[in-house]
Amino acid sequence: MNAIDEKVSRIVGKVLQHKHPIAMDQVLYPYGLDSMKIIELIVQLEDQFNILLDDNELYFENFSNKRDIIARVKRKLYGQPY
């Protein structure tokens, strides 16, 4: 895992209050991800990575697992698909 992957993993763990590692493709809803936690997650990601997620990106399904979240952050940071 690189630094971005690790930072996103820490943020997801903190927001979901989950102390054990969550697999990259594991669906996050069973860990308590709901609309309020997605808002908290978005705020944390924007603050930590100094990015701004567009309104058209703020769909529930875009935050269903860590792999998707990491790819979205990397696209914002580097402007290329991941």
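Note that this is a predicted model, so its numbers are computed, not measured.
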So CD of Q26 and CG of L28: to nearest 0.5 Å the spacing works out to 7.5 Å
Gap between atom NZ of K7 and atom CG of N2 - 0.5 Å precision: 12.0 Å
Looking only at atom types and distance, does a side-chain atom of K66 sit under 3.5 Å from a main-chain N or O of I22, one as donor and one as acceptor?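 Yes.
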Between Q44 and V15 (side chain of the first, backbone of the second, donor and acceptor by atom type, cut-off under 3.5 Å), is there such a pair? no
Please lay out, stage by stage, how I4 and Y78 fare under the test side-chain contact (heavy atoms from CB on, under 4.5 Å). CA-CA 12 Å; I4 292 171; Y78 305 123; 3.1 Å; yes
Give a yes or no on whether E61 atom CD has more than 12 heavy-atom contacts from other residues, nucleotides or ligands under 6.0 Å away. yes
When hydrophobic residues are tied together by side-chain contacts of less than 4.5 Å, even through go-betweens, does [X] share a cluster with [Y]?
| X | Y | value |
| --- | --- | --- |
| F60 | V73 | yes |
| V43 | L16 | no |
| L33 | L58 | yes |
| I11 | V27 | yes |

Contacts of type side-chain contact (heavy atoms from CB on, under 4.5 Å), residue D54, not counting sequence neighbours: N56, E57, K76
Residues in side-chain hydrogen bond (donor to acceptor under 3.5 Å, both in side chains) contact with D47, at least two apart in sequence or another chain: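 Result, side-chain hydrogen bond (donor to acceptor under 3.5 Å, both in side chains) vs D47: none returned.
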Applying side-chain hydrogen bond (donor to acceptor under 3.5 Å, both in side chains) to N62 and not counting sequence neighbours gives R72
Keeping to residues at least two apart or across chains, list the salt bridge (Lys or Arg N to Asp or Glu O under 4.0 Å) pairs with something in residues 8-31. D25-R67
Please list all pairs passing the salt bridge (Lys or Arg N to Asp or Glu O under 4.0 Å) test where one or both residues lie in residues 26-43, with sequence neighbours left out.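 Qualifying pairs: none.
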The residue among I69, L45, N65, I70 that forms side chain to side chain contact (heavy atoms under 4.5 Å, CB included) with V12 is I69
For D55, salt bridge (charged side-chain N to carboxylate O under 4.0 Å, His left out) partners two or more places apart: none
Under 6.0 Å between ring centres, would you say that holds for Y29 and F63?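 No: the rings miss the under 6.0 Å criterion.
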Tell me, do M24 and D5 make a side-chain contact under 4.5 Å, heavy atoms counted? yes
Verify side-chain contact (heavy atoms from CB on, under 4.5 Å) between Y31 and Q17, making sure each step is shown before the conclusion. CA-CA 9 Å; Y31 292 93; Q17 299 176 346; over 6 Å; no
